[in-house]
2 protein chains.
Amino acid sequence: MSTRALPYRPHNHDACVQQALASARAICQQHKARLTPTRERVLELIWQSHKPLGAYDVLAELTSEGHSAAPPTVYRALDFLQQYGLVHRIASLNAFTGCTYAGEQHTGMFLICRACGNVLELRGIEVSTAIHNAAGTEAFHPETITLEVSGLCPGCKTEAPHE
Amino acid sequence: MSTRALPYRPHNHDACVQQALASARAICQQHKARLTPTRERVLELIWQSHKPLGAYDVLAELTSEGHSAAPPTVYRALDFLQQYGLVHRIASLNAFTGCTYAGEQHTGMFLICRACGNVLELRGIEVSTAIHNAAGTEAFHPETITLEVSGLCPGCKTEAPHE
DNA sequence: CCTGCGAATGTTATAATGTTTCAAATATCG
DNA sequence: CGATATTTGAAACATTATAACATTCGCAGG
Ligand SMILES: [Zn+2]
Ligand SMILES: [Zn+2]
Ligand SMILES: [Zn+2]
Ligand SMILES: [Zn+2]
């Protein structure tokens with residue numbers, strides 16, 4: 001269903017974005033949710049950037065396009081997109097990124113390069129299982145998992161191998 | 001070395017706190033780091049609460065004690081405490097909690113009850129291994145892992161089993 | 001076509017969280 | 001003591017997020 005974005009490697013990003021938008025439209029239709037122009041534009045802006053985008057980055061882009069927008073405009077769109085699993089919030093960055101596996105059941109695991117800022121989302125089924133097992137030993141009932149790994153991507157690691 | 005706090009169960013919390021402070025003093029001495037009165041008081045305040053404390057919560061407490069404090073006072077103390085592994089920042093809450101395993105090498109995994117607000121820190125070695133394995137398949141070099149699980153603790157789960 | 005209703009948006013203000021900057025005080029060591 | 005580095009005080013500022021209320025829009029029923 002979803003074409004997996006090649007991690008940290010060059011690819012036709014326009015096609016990438018267009019596919020994400022098409023997928024989003026389908027998902028919203030399924031749920032009878034309205035992917036309005038503002039919501040769709042916010043999703044597109046987020047997808048166009050490989051790096052997570054802050055809410056105010058999105059806002060700046062919208063206003064630069066002549067859209068009369070205020071913080072609530074963006075946050076409301078982001079809430080909607082999160083609700084339908086189209087974007088994820090990266091808590092450690094206060095930023096948002098497009099979901100690579102929209103429509104598929106998954107626990108998002110994010111590899112965040114501290115050098116280039118790119119983010120790769122993995123499904124991480126084994127990780128998810130291990131987390132649920134660990135929580136189970138404490139009789140804890142998990143609902144949402146925040147898993148963000150900061151470090152160096154392959155490219156940046158070879159560029160700057162010496163700390 | 002460290003006495004594991006009994007998860008979500010009653011215990012002598014004063015002793016809990018005193019032990020954490022003693023441990024912190026030892027760790028700082030080892031590293032020739034200065035656990036100044038303000039830093040120690042911030043650590044104590046954070047430990048006294050089982051729930052993660054926001055920076056401004058700490059600040060309010062300090063000022064209520066007559067301490068002339070401003071935001072940087074607290075953030076500097078928190079930076080110091082994080083640097084020496086004495087507290088963790090919970091990114092999904094914008095709050096801070098005392099480290100249960102200070103001085104021990106570990107990847108913090110936090111079980112956060114959305115009902116009562118209590119937080120339990122687990123070491124989660126299997127989880128850590130799974131994360132590193134997953135990152136390895138992408139040739140990613142992990143440095144810091146943010147792993148926060150929100151859900152219901154055993155107590156709150158039985159109280160409100162029906163969503 | 002109107003009309004009413006709920007969803008979505010516009011607008012303003014404000015809250016909550018975190019940082020920069022520079023000066024003053026304090027500890028540490030020779 | 002005097003030089004040096006660390007820590008703290010203080011004020012302003014920056015960033016991120018929400019509250020409150022008015023207005024508009026999409027759509028179904030009459
Ligand atoms: Zn996802
Ligand atoms: Zn990189
Ligand atoms: Zn810890
Ligand atoms: Zn609970």
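Each chain gets a letter, A, B and so on, in the order its sequence line appears, and its residues count up from 1.
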Going hydrophobic residue to hydrophobic residue with side-chain gaps under 4.5 angstrom, can you get from A/I125 over to B/F140? no
If you check the [X] side chain, which of [options] turns out closest?
{"X": "B/R34", "options": "C/dA27, C/dT19, D/dA10", "value": "C/dA27"}
{"X": "A/R39", "options": "C/dT9, C/dA27, C/dT11", "value": "C/dT9"}
{"X": "A/T73", "options": "C/dT11, D/dG9, D/dA10", "value": "C/dT11"}
{"X": "B/P72", "options": "D/dG9, D/dA19, D/dA10", "value": "D/dA10"}
{"X": "B/T36", "options": "D/dT7, C/dT12, C/dT19", "value": "D/dT7"}
{"X": "A/T38", "options": "C/dT9, D/dA10, C/dA8", "value": "C/dT9"}

Between [atom2] on [N] and [atom1] on [X], what's the gap in Å once rounded to a whole number?
{"X": "A/Y56", "N": "D/dA17", "atom1": "OH", "atom2": "C1'", "answer": "6 Å"}
{"X": "A/F80", "N": "C/dA8", "atom1": "CZ", "atom2": "P", "answer": "7 Å"}
{"X": "A/L78", "N": "D/dA17", "atom1": "CG", "atom2": "P", "answer": "9 Å"}
{"X": "B/Y75", "N": "D/dA11", "atom1": "OH", "atom2": "P", "answer": "19 Å"}
{"X": "A/R76", "N": "C/dG6", "atom1": "CZ", "atom2": "P", "answer": "18 Å"}

Mind checking whether B/H11 and B/H13 have parallel, tilted or perpendicular rings, split at 30° and 60°? perpendicular
Single hit among A/F110, A/Y101, A/F96 for ring-ring contact (aromatic ring centres under 6.0 Å, His included) with A/H88: A/F110
Working to the nearest 0.5 Å, report the span between CZ of B/R89 and CG of B/N94. 5.0 Å
